[in-house]
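What you see below is based on every heavy atom in this structure, not just the backbone, and it leaves out hydrogens, waters and symmetry mates. Everything quoted here is computed from the prediction, not taken from an experiment. Lettering follows sequence order; numbering is per chain, from 1.
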Number of protein chains: 2
Amino acid sequence: MSQKEFSDQAKLLKILANEVRLAIIYSLKDTEKTVSELVEEIGSEQSIISKHLSLLRLNNIVADRREGNNIYYKLLTPCAVKFLSCATDVMREKKEYLLKIINQKHQR
Amino acid sequence: MSQKEFSDQAKLLKILANEVRLAIIYSLKDTEKTVSELVEEIGSEQSIISKHLSLLRLNNIVADRREGNNIYYKLLTPCAVKFLSCATDVMREKKEYLLKIINQKHQR
DNA sequence: TGCGTATATGCCAATATTAACATATTGTCA
DNA sequence: TGACAATATGTTAATATTGGCATATACGCA
């Protein structure tokens, strides 16, 4: 892997590395939603949700579509959800390792 | 998914979302290495590599082992590498989507 | 046209992240 | 013990990220 590849990957991870943006991605995983619906569901202020949506849109993680006064957002890269479950795996693996270590200490 | 789960996941992603740390993880993917080896390979300053290693160690992504003057680091969660390839998938999927869009525009 | 609703954006302050440098720590060996 | 090699840590300044608030924009409808 080249330095540019690491840098690109780091940029992508930074986009995903935010509580609100993760909630948005997860919420859009199998259906499009309006901003209001996301605001209601996630519980952050409207302007905050909008800003995170802008960032995700600028980076082509989501796409928007206007319908009257509402703007619907959908996930462009369903793979992003698989990616999140992959992150969950890493956390589980970490946890298991820690438990193993703790058990070893107790056995001494 | 609960808010705490999103927050935990975001924390993990933040740890991984750095060019140097990605290079370290990738470099350790199938063999342990000393700090000097990582410095040589990655090309950042020693204190910088050390600090990133500390962060990874504190978060149980890597573990260290002293052997004389050298300290060997190894990856604790091999899953982290799979995770990175998963990130690469997301980027590829994004790119493919964009190409598709561009082609559609040209066909009009 | 004017008003209400939905959404986006600009600005600012607080906080987090990072690199760079200097210095400290820990071990080896003479 | 002293000098050196490998690594870690403290401090600081620059920059990036974030949330909160105010305001702007876009649309529908009367």
Side-chain angles (χ1 to χ4, degrees), chain A residues 3-4 6-25 27-28 31-76, chain B residues 3-4 6-25 27-28 31-76:
Chain A
Q3 181 159 352
K4 169 147 186 13
F6 287 129
S7 149
D8 286 347
Q9 211 159 52
K11 273 178 207 158
L12 175 64
L13 289 173
K14 269 179 197 156
I15 295 167
L16 300 178
N18 173 279
E19 197 177 341
V20 175
R21 291 195 290 274
L22 289 182
I24 290 175
I25 290 172
S27 167
L28 296 179
T31 165
E32 62 174 9
K33 287 188 184 156
T34 66
V35 178
S36 305
E37 286 170 334
L38 289 169
V39 168
E40 161 78 16
E41 190 179 324
I42 296 173
S44 296
E45 203 188 305
Q46 177 268 321
S47 72
I48 293 178
I49 298 285
S50 253
K51 251 179 224 159
H52 287 295
L53 283 170
S54 293
L55 183 66
L56 291 172
R57 179 164 29 83
L58 285 172
N59 287 281
N60 300 294
I61 309 287
V62 300
D64 61 340
R65 159 179 89 76
R66 180 179 279 273
E67 194 176 305
N69 259 338
N70 295 313
I71 298 195
Y72 284 88
Y73 278 89
K74 71 169 175 185
L75 204 54
L76 279 187
Chain B
Q3 181 160 350
K4 169 147 186 16
F6 288 128
S7 150
D8 286 347
Q9 211 159 52
K11 272 179 206 157
L12 174 65
L13 289 174
K14 270 179 197 156
I15 295 166
L16 300 178
N18 173 279
E19 198 177 342
V20 175
R21 291 195 289 275
L22 288 182
I24 291 174
I25 289 172
S27 167
L28 296 179
T31 166
E32 62 174 9
K33 288 188 184 157
T34 66
V35 178
S36 305
E37 286 170 332
L38 289 169
V39 168
E40 160 78 15
E41 190 180 324
I42 295 173
S44 295
E45 202 189 303
Q46 177 269 322
S47 73
I48 293 178
I49 298 285
S50 251
K51 250 180 221 156
H52 287 296
L53 283 170
S54 294
L55 183 67
L56 291 172
R57 178 163 29 81
L58 284 172
N59 287 281
N60 300 293
I61 310 287
V62 300
D64 62 339
R65 160 178 89 77
R66 179 179 279 273
E67 193 176 306
N69 259 340
N70 296 314
I71 299 196
Y72 284 88
Y73 278 89
K74 72 170 176 186
L75 203 54
L76 278 187

Crowding at CD, B:E40 (>12 non-hydrogen neighbours, <6.0 Å): no
Between NZ on residue B:K33 and CD1 on residue B:I42, distance to nearest 0.5 Å: 8.0 Å
Any side-chain heavy-atom pair of B:I61 and B:L76 under 4.5 Å: no
B:Q3, CD atom: more than 12 neighbouring heavy atoms under 6.0 Å: no
Spacing of A:T34 atom OG1 and A:N69 atom CG [to the nearest 0.5 Å]: 11.0 Å
For chain A, the stretch of DNA chain C it reaches, first to last nucleotide, under 4.0 Å of its heavy atoms: C:dG4 to C:dC11
A:L53 and A:D64, any side-chain heavy atoms less than 4.5 Å apart: no
With sequence neighbours excluded, residues passing side-chain hydrogen bond (donor to acceptor under 3.5 Å, both in side chains) with B:K14: none
5' to 3' contact window, DNA chain D with chain B (heavy-atom distance under 4.0 Å): D:dA5 to D:dT11
Validation row: B:L55, B:N59 side chains within 4.5 angstrom (heavy atoms): yes
Side chain proximity check, A:L28 to A:L38, heavy atoms < 4.5 angstrom: yes
For B:F6 against A:L22, the heavy-atom pair lying closest together: O-CD1, 3.4 Å
Interface residues of residues 43-55 of chain A with DNA chain D (non-hydrogen, below 4.0 angstrom): A:E45, A:S47, A:I48, A:K51, A:H52
side-chain contact (heavy atoms from CB on, under 4.5 Å) partner of A:S50, chosen from A:V35, A:V39, A:I71: A:V35
Sequence-distant partners of A:V20, side-chain contact (heavy atoms from CB on, under 4.5 Å), two or more places apart: A:N18, A:I24, A:S44, A:I49, A:H52
Residues in contact with DNA chain D, drawn from residues 56-76 of chain A - heavy-atom cutoff 4.0 Å: A:R66, A:G68, A:N69
